[in-house]
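In what follows, a structure is listed as structure tokens, so that the remarks can point back to it.
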Number of protein chains: 2
Amino acid sequence: MTDEHREKPTIYTIAKLAGVSHTTVSRALNGHPKVSAAQRRKIEAIATRLGYAGPNRHAIALRTKRSQMVGVLLMDLVNPYNSELAREIESELRTYGFTCMVSSCDGDGREAQDIAHLFVDAGVDAVITNVAEPLAALETEHAPPAVLVSDARIEGFAASVHINVFEGTYQAVSHLIEMGHRRIAHLGAGAHGERYRAYAQAMRDAGLQEELWAYGDRAWRREALQERVEAIVRERLQDRRSLPTAIVAHDDFMALSVLQIAREAGLSVPQDLSILGHDDTLVTQLVTPRLSSISIPIKRIGRAAARLALRLSGVEIDHPGEPTGKPGAGLDHWEFSAVPTWRESTAPPRPAH
Amino acid sequence: MTDEHREKPTIYTIAKLAGVSHTTVSRALNGHPKVSAAQRRKIEAIATRLGYAGPNRHAIALRTKRSQMVGVLLMDLVNPYNSELAREIESELRTYGFTCMVSSCDGDGREAQDIAHLFVDAGVDAVITNVAEPLAALETEHAPPAVLVSDARIEGFAASVHINVFEGTYQAVSHLIEMGHRRIAHLGAGAHGERYRAYAQAMRDAGLQEELWAYGDRAWRREALQERVEAIVRERLQDRRSLPTAIVAHDDFMALSVLQIAREAGLSVPQDLSILGHDDTLVTQLVTPRLSSISIPIKRIGRAAARLALRLSGVEIDHPGEPTGKPGAGLDHWEFSAVPTWRESTAPPRPAH
DNA sequence: CTGTTAGCGCTTTCAA
DNA sequence: TTGAAAGCGCTAACAG
């Protein structure tokens, strides 16, 4: 029994043992049609015997300029929305033999740039991102194509998964109003973004006044941002005589902060204050009361994003958004929409005293 | 102005323009000492002008057999412990120019194997893992070295970050007992694992009886597991006449389920039931009452793991566990320990009626 | 200090 | 149906 395990086997190792050229081995292993069945069998046998792990990806990448890797740049891995998304993306990519590098920039624009550069450097075939900032870094020549996953419509990306939150949010806020709420505040970065716009529209259409609790757009690291949001909410909740009866938060994570502070302030939810989140992540069900939230199909969004990235990488994927996405302009832009899910954190306001 | 941007520049492109050999370019760009300052300056200038993105990683990998990538295999990205860990690992690796591929196997052993294979296939320099299963897949020859991050002591890994939870847990449970608790249940997979052992020891040392609420070891996908845990807890909490006064959960995520179900069952926490989690993830502070938990220094653990992986990849890192880790056997095994953090979900039991 | 050469493992013409 | 040869972009001897 000769010791053939000394070095990692390559197609040359196999070729030598099979008495053929490495080209034939390559062809046989790649299912190329023009190899005799006999050769193929023999070669495959030897490959297995040697424990050949498949062709070296770096060699392939060097030769074909395709790395089979995609970069995923997220805002903040700790926000459950992002981790759920990452999970789906990774899993979908893996079924196609693709590998992915997930990075979070933690709200820091400079870091986003760094990551984008690292991705380019690493030679990813495509990038999927949640944050519009790296666009600039990705606009240079020779940069991989990118797919944007966002509720904002931002031009310039090769592909996109647009999460249409407008209608769902509009509908949700309208429903809150129907329930009897008159003062509904929105906790968000500022007076922009689809989430705010939809809220504002619904309020205006009902003749009510918008009320923005803004924490600003500055790039905060997650911890800092959270502290800031908490401070703001705490302060607003201070004035017991002038409280909204409902709050719509930019995402579930912020909604949790509100919930937490409200109770700390002795307010009961939903009796004294209704709280509505966005994204409908798993945490909604882990708190009491369970959080009402505007749902988006995270799994499908993640899978669609992955498929788009795959398409951009040259893999043939016919229906990137299946089964439930709606194609946008061309096969490279898909749209998913939001629907409110009512749970226990929302209820009609206490009748005015 | 000649159009030099047609193709992605390589060291050859630069060499031609600078009138030197590509080797010199390589040396200049790598900070090799033996290049004249003049050349270096000229070469660097040209490189910037061309927008040279740095050497092609695949070429380097092919040549040096070092990919500068590490694979990170986690149990479940959605559990905040894992996402916090992933974030730190990624961030630390990135500062060394390393890239990482994060995958979660979602509690599925077969998937863990697949991922391990994918990592090998992709040619990672090292892998960091949370789950012992892939060890088998990684034991073949030519497999990258792995670092295990766990509270269990499992042999066979090239490096490890051992999270010593025994003392912290023992101490926490003892404290619960000092508070007056007599019936303390442990919610976990089964009667094994450090977390259980420490709990059991503390109970026995106090002459109290252990009480295990086990959900079993089978590999459940996260959602399924959570449902199962909820069912178990719900059932146990049914019998109002015979309730423990405190529950120690295997991790914060489970503790949240308990909290949730307890309140659903009309139990108030901590008056009727104290709840103690493990890991001290960010969510502990996002619920009411804030969750007491046995803290481990996740950030330092993540960074230590990353550094160990770096070491295994041939990067010179002298103090992988700095600043607070304790070296284990050799520089490749570090240990961090747990300390209870008391918040609002724990209190002395209601005085017996 | 600089250049020449070889080769990492693979795919892909081009011939046979 | 098979093989020979070239070359992807880079680093690392080895000469000069």
Side-chain angles (χ1 to χ4, degrees), chain A residues 6-44 46-47 50-69 97 120-125 142 314, chain B residues 6-44 46-47 50-69 97 120-125 142 314:
Chain A
R6 299 220 61 84
E7 299 229 333
K8 209 167 183 172
T10 71
I11 49 174
Y12 287 91
T13 329
I14 300 175
K16 197 168 304 167
L17 258 48
V20 296
S21 82
H22 72 275
T23 314
T24 303
V25 175
S26 171
R27 285 200 271 251
L29 264 25
N30 286 332
H32 199 95
K34 293 157 187 267
V35 257
S36 68
Q39 296 275 33
R40 172 161 296 143
R41 251 195 311 283
K42 190 208 279 188
I43 290 171
E44 272 162 2
I46 298 181
L50 292 188
Y52 180 64
N56 180 311
R57 287 193 175 225
H58 300 296
I60 293 183
L62 193 54
R63 190 49 239 247
T64 65
K65 282 140 172 20
R66 291 261 180 70
S67 61
Q68 314 230 91
M69 301 191 310
V120 174
D121 194 49
V124 299
D125 292 335
H142 314 309
Chain B
R6 297 218 61 83
E7 299 229 334
K8 207 166 183 173
T10 71
I11 50 174
Y12 287 92
T13 328
I14 300 175
K16 198 168 302 168
L17 259 47
V20 296
S21 83
H22 72 276
T23 315
T24 304
V25 176
S26 171
R27 285 200 271 252
L29 264 24
N30 286 331
H32 201 95
K34 294 154 183 264
V35 254
S36 69
Q39 296 275 33
R40 172 163 293 144
R41 252 195 311 285
K42 191 208 277 188
I43 289 170
E44 272 162 1
I46 298 182
L50 292 188
Y52 180 66
N56 180 311
R57 289 194 174 223
H58 300 297
I60 294 183
L62 194 54
R63 187 54 240 243
T64 65
K65 279 133 172 24
R66 291 261 180 70
S67 61
Q68 313 228 92
M69 301 192 309
V120 174
D121 192 50
V124 299
D125 292 336
H142 314 310

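Proteins get letters first, then strands, A, B, ... in listed order; numbering begins at 1 in each.
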| note | d(A:T24 OG1, A:R40 CZ) to nearest 0.5 Å is 11.0 Å
| note | Separation between CG (A:L29) and CD1 (A:I14), nearest 0.5 Å, reads 5.5 Å
| note | Shortest non-hydrogen pair, B:A59 vs A:L62, comes out as CB-CD1, 3.8 Å
| query | Nearest 0.5 Å, what's the OG1-OH distance between B:T10 and B:Y12? | reply | 7.5 Å
| request: Would you mind building the protein contact string for nucleotides 8-16 of chain D? One character per nucleotide, 5' to 3', B for base within reach (heavy atoms under 4.0 Å), S for sugar-phosphate only, - for untouched. | output: BBBBBB---
| field | D:dT1 phosphate, OP1 or OP2, under 4.0 Å from A:Q39 side-chain N/O | value | no
| note | In this structure, CZ of B:R57 is separated from OG1 of B:T64 (nearest 0.5 Å) by 11.0 Å
| remark: salt bridge (charged side-chain N to carboxylate O under 4.0 Å, His left out) pairs touching residues 23-35 of chain B, sequence neighbours excluded, are none
| task | Find the distance between OG (B:S67) and NE2 (B:H58) and round it off to the nearest 0.5 Å. | result | 10.0 Å
| What is the distance from atom CD1 of A:I60 to atom NZ of A:K65, rounded to the nearest 0.5 Å? | 14.0 Å
| Span of DNA chain C in contact with chain A (heavy atoms, under 4.0 Å) | C:dG9 to C:dT12
